[in-house]
Amino acid sequence: EDPTGMLRLAKEHARLVVCSSPEMRPGQTDVNPEHLWAFDGDGYREMLVEAGWNPYSKTHLSFDHPAMADPDWADMFYDFQIWVAG
């Protein structure tokens, strides 16, 4: 229920965190119920800093699939952001 609180708790036990979520951009939606949270890039970075982490690396993972051209499938494909913070 509290992703910032979870990151604070992780900070008490770890020197490094690797975390990811779908990276929401204008016009994107996330219809996967297993994703409890989704953030834009700036929001994720701000959350890490607020939780006491120093984000120093961000990577994007994108999926390209022919189904993306089909409007019925377009919402199933989006970018992920993967952060490393110490």
Side-chain angles (χ1 to χ4, degrees):
E1 295 181 15
D2 179 10
T4 306
M6 179 60 75
L7 286 168
R8 280 189 190 108
L9 180 62
K11 183 72 173 154
E12 295 174 11
H13 301 278
R15 295 182 309 158
L16 181 73
V17 66
V18 178
C19 47
S20 69
S21 82
E23 183 164 2
M24 296 292 97
R25 295 182 179 165
Q28 286 185 312
T29 58
D30 180 10
V31 297
N32 291 317
E34 68 272 13
H35 296 150
L36 301 178
W37 301 95
F39 306 90
D40 65 12
D42 291 338
Y44 211 130
R45 184 182 193 295
E46 290 169 10
M47 179 176 60
L48 285 164
V49 169
E50 183 180 331
W53 292 98
N54 179 31
Y56 60 84
S57 178
K58 178 184 178 190
T59 300
H60 293 274
L61 175 62
S62 298
F63 295 97
D64 188 15
H65 190 278
M68 292 176 73
D70 182 339
D72 292 334
W73 285 92
D75 284 346
M76 296 301 295
F77 298 93
Y78 39 78
D79 293 338
F80 284 87
Q81 55 187 330
I82 304 166
W83 287 89
V84 179

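Below, each value reflects all heavy atoms present in this structure, side chains not excepted, and no hydrogens, waters or symmetry copies. Computed from a predicted structure; not experimentally measured.
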Tell me the closest heavy-atom pair linking [X] and [Y], and the distance in Å.
X     : Y     : result
Trp37 : Ser21 : O-CB, 4.0 Å
Ala51 : Thr4  : CB-O, 3.7 Å
Tyr44 : Cys19 : OH-CB, 3.2 Å

Quick check: are there more than 12 heavy atoms from other residues, nucleotides or ligands sitting under 6.0 Å from CD of Glu1?
->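 Atom CD in Glu1 is not packed in, count stays at 12 or less.
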To the closest 0.5 Å, what do you measure between [atom1] ([X]) and [atom2] ([Y])?
X     : Y     : atom1 : atom2 : answer
Ser57 : Trp83 : OG    : CH2   : 8.5 Å
Arg8  : Trp53 : CZ    : CH2   : 12.5 Å
Arg25 : Asp79 : CZ    : CG    : 4.5 Å
Lys11 : Leu48 : NZ    : CG    : 10.5 Å

Tell me, do Val49 and Pro55 make a side-chain contact under 4.5 Å, heavy atoms counted?
->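 Yes, their side chains come closer than 4.5 Å.
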Would you call Val17 and Val84 a side-chain contact if the rule is heavy atoms closer than 4.5 Å?
->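 Contact flag for Val17/Val84 side chains = no.
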Give the other cluster members for Met6, using side-chain heavy-atom distances under 4.5 Å between Ile, Leu, Val, Met, Phe, Trp and Tyr residues; answer none if it is isolated.
-> Leu9
Do Phe39 and Leu7 sit in the same hydrophobic cluster, where Ile, Leu, Val, Met, Phe, Trp and Tyr count as joined when their side-chain heavy atoms come under 4.5 Å apart?
->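 Hydrophobic grouping puts Phe39 with Leu7.
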Hydrophobic cluster identity match, Leu16 and Met47, side-chain contacts under 4.5 Å =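 Different hydrophobic clusters.
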Charged N-O contact under 4.0 Å between Arg45 and Glu50 | no
Among side-chain atoms of Gln81 and Ser20, is any donor-acceptor pair under 3.5 angstrom?
-> no
